[in-house]
Amino acid sequence: MVNPKKIAIVGAGIAGINTALELQRLYPDFELTIIADKFNSETLSDGAAGLFRPETYCFGPSFDISQEWINDAYNFYKNLLNTEPCGINEISGYTFSKKKEFTENHYLKKCLPTYRDATDEELLQHSTENSIKEYGSFCTSIVIECKRFLPWALKKITNNGGNVIERKIHSFDEICDDFDFIFNCAGLEAARLCDDKELVPIRGQILRVKAPWVDKFYYDDFDTYIIPSIEDGTVVLGGCRHFGSHDVAAQQRDTDTILENCIRLVPSLKEALKSEYKVWVGLRPYRSRVRIEAEKIKSAVVIHHYGHGGYGVTLGPGTAKYAVKLLLSYL
Ligand SMILES: Cc1cc2nc3c(=O)[nH]c(=O)nc-3n(C[C@H](O)[C@H](O)[C@H](O)COP(=O)(O)OP(=O)(O)OC[C@H]3O[C@@H](n4cnc5c(N)ncnc54)[C@H](O)[C@@H]3O)c2cc1C
């Protein structure tokens, strides 16, 4: 039996929210408080396309641990699929490329039972005069609509007794005396809070168009992706990656490139441009390795949990589980 502890989670994006859910699952008697200056639609996580699809690099201390995070996250979302209406839906789709290695995802291969190479027939079916599909893979994955998932989870956390405080903190020193443990899930802001020079933005821009007839996701070369929302008939079109850019203004040249690439991939999207579309820019909190480690600051233990780059929605429940495990050695 562990004495109840006072725990703060700084951040209410996908990292903070999953940390809170995991803490309440394992330690229902602990007093838990989420402290954040932005919630739900104001967070970066809200704007993410939300496809469960990791890149193939090493996110954690090893490839095995990265795979464990991915499997844990997938199982978490999969469990919610048919039990709770919270913005989580199954979705199938293709990754195409001119190079075979870009269509292969060793993480998904080990995690998704449906993962396979695209057949010649499928490659032909998705080829057009302007875009011949040479290699491809197919899988059924999950799309997490953070617009629904974050508010649903926040409500669940407060219903289970969690406190929520809207506040910007400028240093962990401000709250160290009030909590036994602090989880740092501040996303890109952790760079300033921890003076972490390894945490850098990767700027992304996406468009959201109405195209209810698109029911599969597609990835292609040049960072081109099309990810439908199963819930509202919109489709996310992307994208770009500008390493080190802090520019949050939408750029017309990015919009033009995204439209050109996505229409080449799925020509029927041209129809969607007859209606209005929204442009959104976000800064991915990138670190070569997600930072999950504990540090003593005054009398509190701060557990860092940030740096998910372009894969926070995919990894969030898995990295949260790993971060919460670090508590054990201090209880
Ligand atoms: C264009 C684009 C598309 C994407 N698509 C996908 C995708 O399909 N799949 C995927 O897995 N990922 C995707 N991502 C990546 C994903 O959005 C991020 O990895 C994820 O949102 C990071 O979550 P987070 O909780 O760390 O940060 P955030 O969502 O930024 O949350 C940070 C939280 O910390 C709080 N905070 C920060 N500083 C302070 C402070 N000083 N005091 C108090 N509170 C503070 C904020 O208020 C906020 O609540 C995409 C990103 C972009 C830009």
Side-chain angles (χ1 to χ4, degrees), residues 9 11-25 32 34 36-54 70 72-93 112 140-162 164 166 185 187 204 206-217 225-239 272 275-282 284-285 308 310-321:
I9 298 165
I14 196 77
I17 286 293
N18 274 302
T19 304
L21 290 172
E22 177 66 1
L23 281 164
Q24 285 189 331
R25 186 179 75 83
L32 191 145
I34 298 182
D37 61 341
K38 292 178 184 161
F39 291 88
N40 298 332
S41 63
E42 297 172 316
T43 62
L44 171 78
S45 302
D46 177 88
L51 185 65
F52 181 87
R53 184 182 179 279
I70 288 158
D72 285 345
Y74 180 70
N75 289 332
F76 170 84
Y77 289 131
K78 181 100 183 147
N79 278 339
L80 286 176
L81 250 184
N82 300 319
T83 50
E84 308 253 9
C86 57
I88 293 176
N89 295 290
E90 230 164 19
I91 188 160
S92 299
L112 303 180
T140 298
S141 182
I142 287 176
V143 68
I144 299 103
E145 316 258 354
C146 280
K147 279 185 194 339
R148 281 199 63 195
F149 178 70
L150 292 180
W152 171 85
L154 195 60
K155 193 159 174 234
K156 185 173 159 115
I157 292 160
T158 51
N159 285 348
N160 286 336
V164 174
E166 187 179 336
C185 306
I206 52 177
L207 279 59
R208 206 174 263 275
V209 303
K210 198 99 186 157
W213 61 89
V214 180
D215 62 356
K216 295 211 166 37
F217 73 81
Y225 53 87
I226 297 171
I227 303 173
S229 150
I230 302 295
E231 310 226 332
D232 65 3
T234 61
V235 178
V236 169
L237 309 182
S275 317
E276 275 188 23
Y277 57 83
K278 288 191 186 135
V279 183
W280 180 81
V281 174
R284 304 170 176 99
H308 298 73
Y311 306 97
V313 183
T314 301
L315 300 170
T319 52
K321 199 169 173 186

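In this text, all values refer to a predicted model and were calculated from it rather than measured experimentally.
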**Asked** Which is it for Lys210 and Glu276 under the salt bridge (Lys or Arg N to Asp or Glu O under 4.0 Å) test, yes or no, and what are the steps along the way?
**Response** CA-CA 8 Å; Lys210 198 99 186 157; Glu276 275 188 23; over 6 Å; no
**Asked** Checking side-chain contact (heavy atoms from CB on, under 4.5 Å) for the pair Glu90/Lys78: CA distance, chi angles, key distance, verdict?
**Response** CA-CA 9 Å; Glu90 230 164 19; Lys78 181 100 183 147; 3.1 Å; yes
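Although no hydrogens or angles enter the test, the distance criterion places no donor-acceptor pair under 3.5 Å between the side chain of Glu22 and the main chain of Thr319. The closest donor-acceptor contact from the side chain of Thr314 to the backbone of Leu51 lies under 3.5 Å. For Asn18 (side chain) and Ile14 (main-chain N/O), a donor-acceptor pair under 3.5 Å exists by modelled atom type. In this structure a side-chain-to-backbone donor-acceptor pair under 3.5 Å is missing from Ser45 to Gly13. Using a distance-only test at 3.5 Å, with no hydrogens or angles considered, no donor-acceptor pair links the side chain of Lys216 to the main chain of Pro228. Proximity of a side-chain donor or acceptor of Gln24 to a complementary backbone N or O of Ile157 within less than 3.5 Å is detected.
Put simply, CG on Leu207 and OH on Tyr277 are 5.5 Å apart, with the number rounded to the nearest 0.5 Å. Annotation: the span from Ile91 atom CD1 to Ile144 atom CD1 amounts to 10.5 Å, rounded to 0.5 Å. Rounding to the nearest 0.5 angstrom, the gap separating the CG atom in Leu81 from the CD1 atom in Ile142 is 4.5 Å. Between the CZ atom of Arg53 and the OH atom of Tyr225 there is a distance of 10.5 Å, given to the nearest 0.5 Å.
Closest of all the heavy-atom pairs between Ala20 and Ile34 is CB-CD1, 4.0 Å. Contact between Leu44 and Pro285 at its shortest, heavy atoms only, is CD2-CD, 3.7 Å. Taking all atoms of both residues into account, the shortest heavy-atom contact from Val209 to Leu237 is CG1-CD1, 4.0 Å. Counting all heavy atoms, side chain and backbone alike, Gly318 lies closest to Asp72 at CA-CB, 3.9 Å. Residue Ala12 comes nearest to Thr43 through the heavy atom pair O-CG2, 4.0 Å, listed as atom of the first residue, atom of the second, then distance. What you find for Glu231 and Asn89 is that their closest heavy atoms are OE2-ND2, 2.9 Å.
Of the candidates Arg148, Lys155, Lys156, Lys156 is the only one forming a side-chain contact (heavy atoms from CB on, under 4.5 Å) with Trp152.
Two residues are said to be in side-chain contact when any heavy atoms from C-beta on lie closer than 4.5 Å; Leu154 and Phe39 meet this criterion. The shortest distance between side-chain heavy atoms of Trp280 and Arg208 does not fall below 4.5 Å. Ile9 places a side-chain heavy atom less than 4.5 Å from the side chain of Leu32. Counting only heavy atoms from C-beta outward, the side chains of Ile206 and Ile227 never approach each other to under 4.5 Å.
Checked by atom type, the side-chain pair Ser229/Glu145 shows a donor-acceptor distance below 3.5 Å.
A tilted orientation is assigned to the rings of Tyr74 and Phe52, their planes being inclined by 30° to 60°.
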